[in-house]
Amino acid sequence: MKKFISCEDASDFQLLIAKALEYKSNPFKDVTLGKGKRMGLLFLNPSMRTRLSTEIAAKNLGMDVIVFNVGQDGWALEFEDEAIMSGTTVEHVKDAAPILGKYFDVLGIRTFPSLKNKEDDYSELYINQFVKYSGVPVVSLESATLHPLQSLTDLITIQEVFEEKSHAFRPASRSLAEGRQPEKPKIVLTWAPHVKALPQCVANSFSQWINAWGGAEFVITHPEDYELDTRFTKGAKITHDQDDALKNADFVYVKNWSTFSDYGKIYCNDPDWMLTSEKLASTNNAKIMHCLPVRRNVELSDEVLDSAASLVTQQAGNRVWAAQAVLVEILLGLGH
Ligand code: CP
């Protein structure tokens, strides 16, 4: 693998998921693979889970890791080609990225969208400039429109849990003897209220991965005016009726996003869209997912988050194994 900025960079999802689960059972089985290789984790924006899980994953593979909070400690970077740099930006990415490519064998980069310039955000200007000028593999730690490490984690968690859930209803021995595959889970991505205008990237990315995987009945529900980019949602059923969407759901993924068409706005912020226990009554004992951080009692009620149905901690724990599976592919691509 030469870069990981979208699900299109992962040629074989099942292989990545299988590797991730192997690392979950045996974290240090490839502890010498990354020996002598250094990863730079560059943050233009805040993070807890991505930063720590990626560092742990790289160290589990024997890599050296340096975290650099570019947005806080570095020079303000310019990303536009041919910019006249007479404003607040101090260093062009064209100058900075090749230097980072000399210091590091692999770069991980977090760059949020502006939510002001849709064209720049959806062209993935920032991360693509690092890909173009650094000369080393780039791993997205969440970019303007996508969050592939999160989505891979989500898919790992869904498969892990659905397998357990299927086995609970149908013993594995019987299932195998009958040569039957577990049925497809129903996965619902539901918009939730929030106090701030948030990027669409987690919702875009989750939709992209679930559609590409094809192993689920996939429904997206949101209020009017919160349509996502159809490049990512194509293949999913989309409805503005949250109650109808939740019927018989096996997994409910909760996430806020701002408007895509009239870019980066909050239109309706109806508190009735918060996910509560009452709403889950019509589901198939659905498991609840969220990428975190979460605004309690705004996006999801305490009752749901603190219930046995919540997978949020398992999901965040799986971030290590998803990152480790991806970094192995990147290391193999370096010629190990
Ligand atoms: N889910 C996620 O990316 O969390 P952080 O922003 O804390 O990295």
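Every number for a ligand or one of its atoms is a count from 1 in the order of the listing.
None of Val252, Thr276, Val294, Asp306 except one satisfies the side chain to side chain contact (heavy atoms under 4.5 Å, CB included) rule with Leu300; the exception is Val294.
For ligand 1 and Arg319, the ligand atoms under 4.0 Å from any heavy atom of the residue are 1 (N), 2 (C), 3 (O). Below 4.0 Å from some heavy atom of Cys291 lie the following atoms of ligand 1, by number and element: 1 (N). Those atoms of ligand 1 that come under 4.0 Å of a heavy atom in Leu292, given as number and element, are 1 (N), 2 (C), 4 (O). Taking every non-hydrogen atom of Met48 and a distance limit under 4.0 Å, the qualifying atoms of ligand 1 come out as 5 (P), 7 (O), 8 (O). Listed by number with element, the atoms of ligand 1 under 4.0 angstrom from any heavy atom of Gln150 are 1 (N), 2 (C).
In this structure, a donor-acceptor pair under 3.5 Å is present between the side chains of Asp302 and Asn297. Judged by distance alone, the side chains of Thr157 and Asn318 do bring a donor and an acceptor atom under 3.5 Å apart. In summary, the side chains of Gln208 and His147 do not present any donor paired with an acceptor at a separation below 3.5 Å, with no hydrogens or angles considered.
The side-chain heavy atoms of Asn204 and Phe206, taken from C-beta on, include no pair separated by under 4.5 Å.
Residue-to-ligand polar distances keep Arg51 apart from ligand 1: every N/O pair is separated by 3.5 Å or more.
Between His147, Arg49, Gln315, His290, it is His147 that holds the heavy atom closest to atom 3 (O) of ligand 1.
In terms of protein heavy atoms, atom 6 (O) of ligand 1 is closest to Arg110 NH1, 2.9 Å.
Classification of the Phe232-Tyr122 ring pair by plane angle, with boundaries at 30° and 60°, yields tilted.
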